[in-house]
Colleague: 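Just dropping this structure here.
We count ligands from 1, going down the list as the structure has it; atoms in each ligand are counted the same way. All values below were derived from every heavy atom in this structure, side-chain atoms included, with hydrogens, water molecules and symmetry-related copies excluded.
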Amino acid sequence: MSTPFVAVLMGSDSDLPIMQTTLDTLKIFGIPFEAKVTSAHRTPAATHAYVKDAEERGCKVFVCAAGLAAHLAGAVAGITTRPVIGVPIDNGPLQGHDALLSTVMMPGGVPVATVAIGKAGAKNAGYLAAQILGVGSDELAAAVKAERQKSAEAVQAKDAALQAKLAQ
Ligand code: RP5
């Protein structure tokens, strides 16, 4: 039987500094993943072959990051019916607005779940993958809830620190 995993694809190694956040988030949840540099434009045949092979080997969710024309997520969504999460990368002269529109504006019937531009989006891609996989795993769903609680407590601690400072 194949082991379920998440595939994190990026159009270039120049996307890795942002996409490291996705990998770190998947690690927090203990989700097995593969990370790969492959491009919709520069290596289309290799991208197609990888997606087909990954799906057969148990990939449950694809996370795809690209900047500029950013067609990677859409190209992957055209190959697989697994959920595809798109991360627009802000490494071009248009601050990621180009990548955002290229990633989000998919034709009907071939969705890409597009997250925010840049690092927040990369983090949310990891969380969203965990939430998707959590539908079939009570343990993972509980881990996502626990992370939410930790994040709420961090905000409360920040507020408490602010109130203490204001009271001085
Ligand atoms: C996109 O072009 C990549 O995802 C990257 O964001 C951008 C620039 O790639 P490099 O020229 O840095 O390799 O396909």
Colleague: Closest non-hydrogen protein atom to atom 8 (C) of ligand 1, residue and atom name please, with distance?
Modeller: L68 CD1, 3.9 Å
Colleague: Within the 3.5 Å criterion, strictly below it, is a donor on E55 or Y50 matched to an acceptor on the partner's side chain?
Modeller: no
Colleague: How close do M19 and I89 get, counting heavy atoms only, and between which atoms?
Modeller: SD-CD1, 4.1 Å
Colleague: Restricting to non-hydrogen atoms, name the atom on L26 and the atom on G126 that form the minimum distance, rounded to 0.1 Å.
Modeller: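 Nearest heavy atoms, L26 then G126: CD2-O, 4.0 Å.
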Colleague: Going by distance only, is there an N or O of G67 that falls short of 3.5 Å from an N or O of ligand 1?
Modeller: yes
Colleague: What protein heavy atom sits nearest atom 11 (O) of ligand 1, and how far away is it?
Modeller: R42 NH2, 3.2 Å
Colleague: Any N or O on S39 sitting closer than 3.5 Å to an N or O of ligand 1?
Modeller: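 No, S39 has no N/O under 3.5 Å of an N/O on ligand 1.
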Colleague: Looking only at non-hydrogen atoms, find the nearest pair between G96 and P88 and report the distance.
Modeller: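 Closest pair (atom of G96, atom of P88, distance): O-CB, 4.3 Å.
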Colleague: Is E153 paired with K150 through a side-chain N to carboxylate O contact shorter than 4.0 Å?
Modeller: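 A salt bridge is absent here (no side-chain N lies under 4.0 Å from a carboxylate O).
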Colleague: Within ligand 1, which atoms have a heavy atom of S12 less than 4.0 Å away?
Modeller: 3 (C), 4 (O), 5 (C), 9 (O), 10 (P), 12 (O), 13 (O)
Colleague: Is the closest side-chain donor-acceptor distance between T114 and T103 under 3.5 Å?
Modeller: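 Note: T114 and T103 side chains miss the donor-acceptor criterion.
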Colleague: Can you give me the closest heavy-atom contact between R42 and G11, atom names plus distance?
Modeller: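 Minimum heavy-atom contact is NH1-O, 4.4 Å.
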Colleague: Mark the output for H41 as yes if a heavy-atom distance to ligand 1 is under 4.0 Å, and as no if none is.
Modeller: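 No.
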Colleague: Would you mind running through ligand 1 and noting each atom that sits below 4.0 Å from a heavy atom of N91?
Modeller: 5 (C), 6 (O)
Colleague: Just to be sure I'm reading this right: ignoring hydrogens, which of D90, D15, I89 gets closest to atom 6 (O) of ligand 1? Compare them by their nearest heavy atoms.
Modeller: D15
Colleague: Which is closest to atom 12 (O) of ligand 1 in terms of heavy atoms, A65, G11, S14?
Modeller: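 Selected option, by shortest heavy-atom distance: S14.
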Colleague: Determine whether the side chain, the backbone, both or neither of M10 has a heavy atom under 4.0 Å from any heavy atom of ligand 1.
Modeller: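 No part of M10 is near ligand 1 at this cut-off.
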